Amino acid sequence: SGGYEITIDSVKTAGSEYLIFVRIREPAEDCGVPLTLTQPVDVVRVPRRTLPTRFVESTEVRRC
């Protein structure tokens with residue numbers, strides 16, 4: 001359903017990993033949201049790395 005967002009906050013090399021920090025925003029349970037199929041997307045362009053990549057996700061609940 002609608003009301004969801006995704007954002008890539010930053011990309012960092014840390015030790016032997018390439019870290020991609022992702023923030024997910026979702027509506028609180030009591031919020032009204034549209035009943036449509038959605039797929040939030042964010043795209044960033046970064047230099048190619050040969051290091052293993054790890055996504056670090058955090059979730060934020062947004063009040064109405």
Side-chain angles (χ1 to χ4, degrees):
S1 62
Y4 291 80
E5 294 177 36
I6 189 166
T7 304
I8 297 175
D9 286 329
S10 62
V11 179
K12 298 178 184 178
T13 301
S16 63
E17 289 184 308
Y18 202 39
L19 303 176
I20 301 174
F21 293 87
V22 180
R23 184 176 23 166
I24 301 164
R25 290 188 193 110
E26 59 186 40
E29 289 182 16
D30 59 342
C31 294
V33 294
L35 295 176
T36 59
L37 294 177
T38 62
Q39 184 67 40
V41 175
D42 193 14
V43 177
V44 295
R45 188 174 180 165
V46 297
R48 181 181 293 217
R49 301 278 195 243
T50 58
L51 298 173
T53 301
R54 182 165 56 105
F55 290 88
V56 181
E57 296 181 2
S58 64
T59 302
E60 222 175 77
V61 177
R62 202 174 28 206
R63 297 280 175 221
C64 305

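Just so it is clear, the model here is predicted, and its values are computed rather than measured.
Follow the hydrophobic side-chain contacts under 4.5 Å out from I8 and you reach L51 in the same cluster. Transitive grouping of hydrophobic side chains (ILVMFWY, heavy atoms separated by less than 4.5 Å) brings I20 and V46 into a common cluster. Under the 4.5 Å side-chain contact rule for hydrophobic residues, V41 and I24 do not share a cluster.
Under a 4.5 Å side-chain heavy-atom cut-off, the cluster of Ile, Leu, Val, Met, Phe, Trp and Tyr residues that includes V33 has no other member.
Contacts of R23 classified as salt bridge (Lys or Arg N to Asp or Glu O under 4.0 Å), with partners at least two apart in sequence or in another chain: D9, E60.
Between C64 and G32 the shortest heavy-atom distance is SG-N, 4.5 Å. Of all heavy-atom pairs spanning R63 and A28, the tightest one is NH1-CB, 3.5 Å. Scanning both residues, P27 and G2, for their nearest heavy atoms gives CG-O, 4.4 Å.
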Can you list the steps and then say if R54 with L19 is a side chain to side chain contact (heavy atoms under 4.5 Å, CB included)? CA-CA 5 Å; R54 182 165 56 105; L19 303 176; 3.5 Å; yes

Please step through side chain to side chain contact (heavy atoms under 4.5 Å, CB included) for the pair E26 and E5, ending with a clear verdict. CA-CA 7 Å; E26 59 186 40; E5 294 177 36; over 6 Å; no

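A cation-pi arrangement is present between K12 and F21, with the terminal nitrogen or guanidinium carbon under 6.0 Å from the aromatic centre and inside a 45° cone about the axis.
Here the straight-line distance linking atom CG of D42 with atom OG1 of T7 works out to 5.5 Å at 0.5 Å rounding. Note that CZ of R49 and OH of Y18 are 4.5 Å apart. Values are rounded to the nearest 0.5 Å.
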